[in-house]
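Got a structure for you, written out below as structure tokens; questions coming shortly.
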Amino acid sequence: MTTPRYTPQDIEAKWQAAWSQAEIFKAQRDPQRPKYYVLEMFPYPSGNLHIGHVRNYAMGDVVARHKMATGYNVLHPMGWDAFGLPAENAAIEKKIHPGDWTYANIDNMKQQFATLGLSLDWSREFATCDPDYYGQQQALFLDFLDKGLVYRKNAVVNWDPVDMTVLANEQVENGRGWRSGALVERRELTQWFFKISEYSDELLAALDGLDNWPAKVKLMQANWIGKSRGLQFAFDVVDAPAGAEQIEVYTTRPDTLMGASFVGISPDHPIAKMLESDNAELAAFNAECRRMGTAEEELEKAEKRGFNTGLMARHPLDPDWQLPVYVANFILMDYGTGAIFGCPAHDPRDLEFARKYDLPVTSVFAPLDAADHTAPETGGEAYTPPKTESVTYLRPFAGGDQQTGEAAIDAAIAHFETAGLGQGVTKYRLRDWGLSRQRYWGCPIPVVHCDVCGVVPERKENLPIKLPQDVSFDKPGNPLDRHDEWRACSCPNCGGAALRETDTMDTFVDSSWYYARFTAPGASTPTNAEDAAYWMNVDQYIGGIEHAILHLLYSRFFARAMHATGHLPAAAVEPFDALFTQGMVTHAIYQTRDDNGRPIYHLPETVESRDGQMVLKDTGEAVEVIPSAKMSKSKKNVVDPVSIVAEYGADTARWFVLSDSPPERDVEWTASGAEAAFKHLSRVYNLSQKIAQMGDAAGSEDDALLREMHKTIRDVSLGVESFGFNAAIAKLYAFTNTLSKSKAGAAAQRQAIKCLAQLMAPMTPHLAEDIWALHGGDGLIAKAPWPIADEAMLVEDSITLPIQINGKRRGELEVPADLDKSGIEAMVLDHPAVQKALDGGSPKKLIVVPGRIVNVVV
RNA sequence: GCGGGUGUGAUGGAAUGGUAGACAUACAGGACUUAAAAUCCUGAGGCCUUCGGCCGUGUGGGUUCGAGUCCCACCACCCGCACCA
């Protein structure tokens, strides 16, 4: 009799068809059952599934399938984050319409998705570039506008003067446009903004309630929102020109005011701009500063530079003390008042600046024990102890001589308020969300510009405002700007001739509410109240840590704004109950070098191992191996899931990406690891076949096998519920080994293999279905109830207790599980290793941790 | 530069403050085979004077009966920095 071999290609197609026919993943509202909404961050349709996607969606699938098996009504939808720059780049480079390119990519990726056997409800699929979706987004925009959550103001963008286009930060390389190579300029445009800052305090405070979010994400968001308490006051300018009489500053360290040595203003500060008009040198300096991109990182890393305006500011606490006013490139107009006072002794940036321009450095405070302290005056670094640390104030003006920074700041603010010189204020680092993009492939902002009525919102009945199809990318700039036919419209207010807004929305807008749309993807309004009430919130959200701040913060804001405009219930203002951030899939880079020593990269399949050395298959040339690098096409270290699935099957790919590393950490893809995963699944398949052919004769040690089975149920359930997938899989390996060596009878072995299939089903659903069917399981394993560990089978009679002497392991002791502390102590003192160590004396201390360990201190 | 994280054998990693290295990969030895592949079995952190002992979780300190785990400082790498998604 020949035993069939494990052929995933047949098995997987068969069960995917069975699931699809039974429509078991189609979610329907059912108030009788508890719901569970699992969502993985939807992909950008780049055209091909990446192995990182496989990991992300495999994790979500484990959660979804496990919840389904434990009785929940599961919603597990999928869609496409389909607007964005790559489609326009493709249009420019390949002369293909962004829409055609995007939808072709979606078709391709959807086929690839289908091979993975994910428990997705495809009936809810949408792409954010579908007019139906972005039309509802336009409706949301109008409601936000009506509610005062949207406004216009000027903001700076990266401008490429050759391509005549706005550049994203990532399109600026070393201050030049990536395509044109032209020096980038900062340019001011009137742009649309969401008033996210109105929710600063609430978004910060509500982080406390997000118990199932990673602490690091909450911390990052809290720091991003950046609540600070500080002092706002004005410097009077000596003999000031009109309009520059006062410089308003904000500081979080008013206690260091007696160490001030200059006043700094941003190059974009109104006074800097005013002075520019009759100071060519300053104009040149400001222009130079404005040549930098808009990225904060770039500004921070740039060399600190300043321009002395010649103005002098009076110190608020000493009218005779005058400080020079500089324009400085490191001061952001967006934060605080766009002006600061510099205290070099207690701020590294100010110190760098002061040393460069030869400004005085004056310490305001020093450590309580100043013995080893090198003051910044004498070449030391800026002294910046935590605000909670008590220090000696050398130049105090409020509060005691010895106090914490916190106390001194409070005292300083009180001093200014009492004297009427300034006020304590709370500020946030979080800026309003600029949503305007001067691009074609995005959601059009539904407003018109009328010469008579000004900026007028579109009427909802005219939505969606669709993107025009007939556009070309052969000229620089935004195709919408030069599409006169599309722009021409009538004013919704007066009916006169008007022009459409040509800005489209940031793609973050699209992804800020898709989770809500999935609850009612066909609704004629953005959401449907009953569906939103039933399905929201997302119970488990899964995605990359790179979205820790922006996407998640914007989504939290959007949910609040949608509640304020009646599109979501109050209970859904925090849309994601639990968040999990998974790591990347990495891969070794294989490289050789050309004659100039520049690296040449090689695809993994062109490399092989010979005698422990990696070499090129073709030439035998030795290859350098750079382990574990982020996958990138240019480094040729990408692994294509399609070929992996074709070779080994989806179950192997899923098993491997889940098995090798903890899910929050990066996983390194290795060919040997993937092959090992396949071999293991084959072993399980063969084991199942062997058990199916067993006679009914009784064996021995049934009880031991079943005890092990129940322990495995407990451990795997715990692992799956706590995102310990790799640990759960290790237990499944161990149980497979136990089962394959077991001498138990056929009935026990059948029970064990069916249980193993069930525990594997969330990770390798196709193989699990096959084993289940072979052993006469009831219906589909996908619908079978999750096994529950029998507590009685988990109890042990005796346990092994390690014995430590002075904290080092010196022996062990077999004791009955229910032996009490004094019983254990007696046995420990009798143990030969302890006797030897005591050498007739008595122990100094005896620590017994029941069920854990014994430590004897001698 | 600023904010956040990670660091354990050759490799991926396991370990409620309690036996460091589970499980797996690669490797070595053996069985089966004419041979190989596949499969199965066995071994293995390093060092030493090997039925025993010392060292060992990025580096250096600290807390504790006991530290991979907690605290402080440093180093390396990764993520984010508001127009990549």
Side-chain angles (χ1 to χ4, degrees), chain A residues 41-44 46 81 83-86 155 157-158 166-172 191 196 214-217 219-224 226 293-302 304 330 334 348-349 352 429-439 506-508 510-511 544-551 553-554 581 583-584 586 609 612 627-628 630 659-662 664-668 670 672-673 675-677 679-680 682-683 686 724 726-727 729-734 737 740 800-804 806-812 843-847 849 851-857:
Chain A
M41 291 178 185
F42 63 166
Y44 179 79
S46 59
D81 190 11
F83 275 134
L85 276 180
V157 294
N158 298 308
V166 177
L167 297 179
N169 283 333
E170 72 152 17
Q171 296 175 315
V172 180
Q191 311 217 60
I196 189 173
K216 64 179 168 183
V217 174
L219 189 55
M220 280 190 257
Q221 292 216 350
N223 289 338
W224 185 261
T294 57
E296 190 169 314
E297 181 189 3
E298 195 185 338
L299 299 178
E300 288 276 340
K301 277 186 181 164
K304 310 291 171 277
F330 61 91
D334 288 322
R349 279 194 311 198
E352 187 188 332
R429 204 184 74 100
L430 180 65
R431 312 199 289 257
D432 274 334
W433 172 10
L435 71 117
S436 287
R437 297 292 180 269
Q438 293 69 40
R439 304 187 197 291
D506 178 8
T507 56
F508 271 123
D510 312 336
S511 56
I545 185 70
E546 66 273 20
H547 296 293
I549 297 176
L550 292 180
H551 163 62
L553 192 61
Y554 289 157
T581 54
M584 296 180 299
T586 62
S609 171
S628 205
K630 183 178 182 170
S659 70
D660 227 38
S661 282
E664 68 276 15
R665 232 186 285 172
D666 293 349
V667 64
E668 167 142 6
T670 59
S672 59
E675 205 183 313
K679 283 182 186 173
H680 178 73
S682 300
R683 249 192 312 270
N686 295 339
N726 58 323
I729 285 178
K731 301 287 182 191
L732 289 168
Y733 268 107
N737 291 340
S740 70
T800 307
L801 219 49
I803 298 177
Q804 289 185 337
N806 293 334
K808 286 186 198 263
R809 184 176 173 280
R810 282 297 125 95
E812 53 188 36
K844 219 190 220 168
K845 204 168 179 182
L846 188 57
I847 295 126
V849 185
R852 275 284 169 196
I853 204 165
V854 178
N855 191 8
V856 187
V857 185

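Reckoned from all heavy atoms, side chains included, excluding hydrogens, waters and symmetry mates. Numbered from 1 within each chain, the chains take letters A, B, ... in sequence-line order.
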Subject >> First of A:Ile545 and A:Thr507 reached from the 5' end of RNA chain B, by closest nucleotide >> reply: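 Nearer the 5' end of the strand: A:Ile545.
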
Subject >> Touch class at under 4.0 angstrom, heavy-atom based, for A:Val857 against every strand present >> reply: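 Sugar-phosphate: the residue A:Val857, judged by heavy atoms under 4.0 Å, touches backbone atoms but no base.
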
Original post:
For A:Leu219 and B:C79, what is the distance between atoms CG and C1' respectively, to the nearest whole Å?
Top reply: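 Nearest whole value for this atom pair: 14 Å.
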
Original post:
Taking any strand in view, what nucleotide pairs with B:A73 in a Watson-Crick or G-U wobble way, both distances under 3.5 Å?
Top reply: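 Base partner found: B:U59.
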
**OP:** Assign A:Leu430 to base, sugar-phosphate, or nothing according to its heavy-atom contacts below 4.0 angstrom with the strands shown.
**Re:**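 Base, at least one base heavy atom under 4.0 Å.
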
Subject >> Under-3.5 Å donor-acceptor pair between A:Gln438 side chain and B:C83 base >> reply: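 Indeed there is one.
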
Original post:
With a 4.0 Å cut-off on heavy atoms, is A:Gly544 in touch with a base, just the backbone sugar-phosphate, or nothing at all?
Top reply: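 No contact at all - A:Gly544 keeps every heavy atom at 4.0 Å or more from the nucleic acid.
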
Subject >> Whole angstrom value for the distance that separates P of B:C83 from CD of A:Glu170 >> reply: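 A:Glu170 atom CD is separated from B:C83 atom P by 12 Å.
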
**OP:** Look at all strands and tell whether A:Arg429 reaches a base, only sugar-phosphate, or nothing, counting heavy atoms closer than 4.0 Å.
**Re:**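 If one applies the 4.0 Å heavy-atom cut-off, A:Arg429 turns out to touch a base.
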
**OP:** Determine: side-chain N/O of A:Arg665 to OP1/OP2 of B:G7, distance under 4.0 Å, yes or no.
**Re:**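 For B:G7, OP1/OP2 do have a side-chain N/O of A:Arg665 under 4.0 Å.
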
Original post:
Is any side-chain N or O of A:Gln191 under 3.5 Å from a base N or O of B:C83, one able to act as donor and the other as acceptor?
Top reply: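 It does, because a donor-acceptor pair links the side chain of A:Gln191 to the base of B:C83 below 3.5 Å.
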
Subject >> Any A:Asn806 side-chain N or O less than 4.0 Å from OP1/OP2 of B:G66 >> reply: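 Answer no for this pair, as no side-chain N or O of A:Asn806 is under 4.0 Å from OP1 or OP2.
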
Subject >> B:U49 and B:C23, which share atom name P, separated by this distance in whole Å >> reply: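 B:C23 and B:U49 have their P atoms separated by 31 Å.
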
Original post:
A:Ala302 near the nucleic acid: base, sugar-phosphate alone, or nothing, with a heavy-atom cut-off under 4.0 Å?
Top reply: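 Contact class for A:Ala302: none.
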
Original post:
Whole Å only: how far is the NZ atom of A:Lys301 from the P atom of B:C81?
Top reply: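 To the nearest whole Å, that distance equals 12 Å.
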
**OP:** Indicate yes or no for a side-chain donor-acceptor contact from A:Asn855 to the backbone of A:Ile847 under 3.5 Å, with no hydrogens or angles considered.
**Re:**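 It does not hold such a pair.
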
Original post:
What do the steps show when you test A:Val217 against A:Ile545 for side-chain contact (heavy atoms from CB on, under 4.5 Å), and what is the final call?
Top reply: CA-CA 8 Å; A:Val217 174; A:Ile545 185 70; 3.9 Å; yes

Original post:
Rounded to the nearest 0.5 Å, what separation is found between the CG atom of A:Leu553 and the CH2 atom of A:Trp224?
Top reply: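 Rounded to the nearest 0.5 Å, the CG-CH2 separation comes out at 9.0 Å.
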
Original post:
A:Lys216 near the nucleic acid: base, sugar-phosphate alone, or nothing, with a heavy-atom cut-off under 4.0 Å?
Top reply: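 Sugar-phosphate contact only.
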
**OP:** Determine the Euclidean distance between corresponding C1' atoms of B:G62 and B:G12; express it in Å to zero decimal places.
**Re:**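 That atom pair is separated by 32 Å.
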
**OP:** Quote, to the nearest angstrom, the P distance that separates B:U59 from B:G53.
**Re:**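 Rounded to whole Å, the distance is 26 Å.
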
Subject >> Distance below 4.0 Å between A:Asn158 side-chain N/O and B:C83 OP1 or OP2 >> reply: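 For B:C83, OP1/OP2 do not have a side-chain N/O of A:Asn158 under 4.0 Å.
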
**OP:** To the nearest Å, give me how far apart NZ (A:Lys808) and C1' (B:G56) are.
**Re:**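 Distance check: A:Lys808 NZ to B:G56 C1' gives 10 Å.
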
Subject >> More than 12 heavy atoms of other groups within 6.0 Å of A:Lys731 NZ >> reply: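 Not more than 12 within 6.0 Å, no.
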
Original post:
Rounding to a whole Å, what distance do you find between A:Gln171:CD and B:A85:C1'?
Top reply: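 One finds 13 Å between C1' of B:A85 and CD of A:Gln171, rounded.
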
Original post:
How far does the P atom of B:U64 sit from the matching atom of B:G1, given to the nearest Å?
Top reply: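 Per the computed distance, 36 Å lies between those P atoms.
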
Original post:
Any side-chain heavy atom of A:Leu299 sitting closer than 4.5 Å to one from A:Phe330?
Top reply: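 No - every pair of side-chain heavy atoms lies 4.5 Å or more apart.
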
**OP:** Rounded off to whole Å, could you give me the CG-to-P distance for the A:Asn855 and B:U19 pair?
**Re:**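 It works out to 11 Å between those atoms.
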
**OP:** Produce a footprint string for nucleotides 21-28 of chain B: one letter per nucleotide, 5' end first; B if the base is under 4.0 Å from any protein heavy atom, S if only the sugar-phosphate is, - if neither.
**Re:** -BSSS---

**OP:** Could you please name the option among B:U19, B:C84, B:A85 that lies closest to any side-chain atom of A:Leu550?
**Re:**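 Out of B:U19, B:C84, B:A85, the nucleotide with an atom closest to A:Leu550's side chain is B:A85.
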
Original post:
Is the shortest side-chain N to carboxylate O distance from A:Glu664 to A:Lys216 below 4.0 Å?
Top reply: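 Judged by the 4.0 Å cut-off on N to carboxylate O distance, A:Glu664 and A:Lys216 do not form a salt bridge.
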
Subject >> Which atom of A:Tyr44 lies closest to which atom of A:Pro86, heavy atoms considered >> reply: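 That closest heavy-atom pairing would be OH-CB, 3.3 Å.
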
Original post:
Considering only the C1' atoms, how many Å lie between B:A44 and B:A22, rounded to the nearest integer?
Top reply: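 The answer is 15 Å between these two C1' atoms.
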
Original post:
Are the side chain of A:Asp81 and the backbone N or O of A:Pro43 linked by a donor-acceptor pair below 3.5 Å?
Top reply: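 No, because the side chain of A:Asp81 does not come within donor-acceptor range (under 3.5 Å) of the backbone of A:Pro43.
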
Original post:
Expressed in whole Å, how much space separates the P atoms belonging to B:G61 and B:G52?
Top reply: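 Nearest-Å result for B:G61 against B:G52 at atom P: 32 Å.
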
**OP:** Could you check which nucleotide pairs with B:G1 in any of the strands shown, counting Watson-Crick or G-U wobble with both distances under 3.5 Å?
**Re:**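 B:C81 is the nucleotide pairing with B:G1.
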
Original post:
When you match A:Glu300 and A:His547 each to their closest nucleotide on RNA chain B, which lands nearer the 5' end?
Top reply: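 The residue whose closest nucleotide sits nearer the 5' end is A:Glu300.
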
Subject >> Touch class at under 4.0 angstrom, heavy-atom based, for A:Ser436 against every strand present >> reply: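 Base, at least one base atom sits under 4.0 Å.
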
Subject >> Side chain of A:Gln804 (C-beta onward), nearest among B:U19, B:G1, B:C83 >> reply: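 Among B:U19, B:G1, B:C83, the one nearest the side chain of A:Gln804 is B:U19.
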
**OP:** Indicate, with a heavy-atom threshold strictly under 4.0 Å, whether A:Pro43 touches base, sugar-phosphate, or nothing.
**Re:**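 Answer is nothing: A:Pro43 stays at 4.0 Å or more from every strand.
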
**OP:** Taking the side chain as every heavy atom from C-beta outward, state whether A:Val157 and A:Gln191 have any pair of such atoms under 4.5 Å apart.
**Re:**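 They are in contact (side-chain heavy atoms under 4.5 Å apart), so the answer is yes.
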
Original post:
Which part of the nucleic acid, if any, lies within reach of A:Trp224 when heavy atoms closer than 4.0 Å are counted: base, sugar-phosphate only, or nothing?
Top reply: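 Result for A:Trp224 = base.
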
Original post:
When we call it a touch if two heavy atoms are under 4.0 Å apart, what does A:Phe330 touch: a base, just sugar-phosphate, or nothing?
Top reply: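 No contact at all - A:Phe330 keeps every heavy atom at 4.0 Å or more from the nucleic acid.
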
Original post:
Can you tell me the Watson-Crick or wobble partner of B:U50, both distances under 3.5 angstrom?
Top reply: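 Pairing partner: none.
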
Subject >> hbond_proxy A:Glu296 side chain to B:C81 base (donor-acceptor, 3.5 Å cutoff) >> reply: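 It does not, because no donor-acceptor pair links the side chain of A:Glu296 to the base of B:C81 below 3.5 Å.
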
Original post:
Does any non-hydrogen side-chain atom of A:Trp433 lie less than 4.5 Å from one of A:Asp506?
Top reply: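 A side-chain contact exists here, since the closest heavy-atom pair is under 4.5 Å.
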
Original post:
Does any nucleotide pair with B:G18 by Watson-Crick or G-U wobble geometry, both distances under 3.5 Å, and what is it?
Top reply: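 With both distances under 3.5 Å, B:G18 matches B:C65.
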
Subject >> Interatomic distance at P, B:G80 relative to B:C65, whole Å >> reply: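 Roughly 44 Å separates the two P atoms.
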
Subject >> Nearest-Å distance once atom P is located in both B:C84 and B:C77 >> reply: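 To the nearest whole Å, 25 Å.
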
Subject >> Nucleotide nearest A:Pro662 when distance is taken to its side chain, options B:C81, B:A14, B:C65 >> reply: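 Among B:C81, B:A14, B:C65, the one nearest the side chain of A:Pro662 is B:A14.
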
**OP:** Quick one: classify the glycosidic conformation of B:G9 as syn or anti, with syn meaning within 90° of 0.
**Re:**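 Because its glycosidic torsion lies within 90° of 0, B:G9 adopts the syn conformation.
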
Original post:
Between B:C83 atom C1' and A:Tyr44 atom OH, what is the distance in whole Å?
Top reply: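 A:Tyr44 atom OH is separated from B:C83 atom C1' by 14 Å.
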
Subject >> Minimum-distance nucleotide to A:Met220 side chain [options: B:G12, B:G4, B:C83] >> reply: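 Comparing B:G12, B:G4, B:C83 against the side chain of A:Met220, the answer is B:G4.
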
**OP:** Report the C-alpha distance between A:Glu546 and A:His551 in whole Å, list the side-chain angles of each, state the deciding distance to 0.1 Å, and finish with yes or no for side-chain contact (heavy atoms from CB on, under 4.5 Å).
**Re:** CA-CA 9 Å; A:Glu546 66 273 20; A:His551 163 62; over 6 Å; no

Subject >> Where the chi angle of B:U19 falls, syn if within 90° of 0 and anti if not >> reply: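 Glycosidic conformation of B:U19: anti.
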
**OP:** If B:U39 has a Watson-Crick or G-U wobble mate with both distances under 3.5 Å, name it; if not, just say none.
**Re:**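 Paired with B:A31.
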
Subject >> B:U19 base / A:Arg852 side chain donor-acceptor hit below 3.5 Å >> reply: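 Looking at the base of B:U19, it does not pair with any donor or acceptor on the side chain of A:Arg852 (distance under 3.5 Å).
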
Original post:
Can you tell if the side chain of A:Ser436 reaches within under 4.5 Å of the side chain of A:Gln438, non-hydrogen atoms only?
Top reply: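 Yes, side chains in contact.
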
Subject >> Between B:G66 (P) and A:Ile853 (CD1): distance, integer Å >> reply: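 Nearest whole value for this atom pair: 12 Å.
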
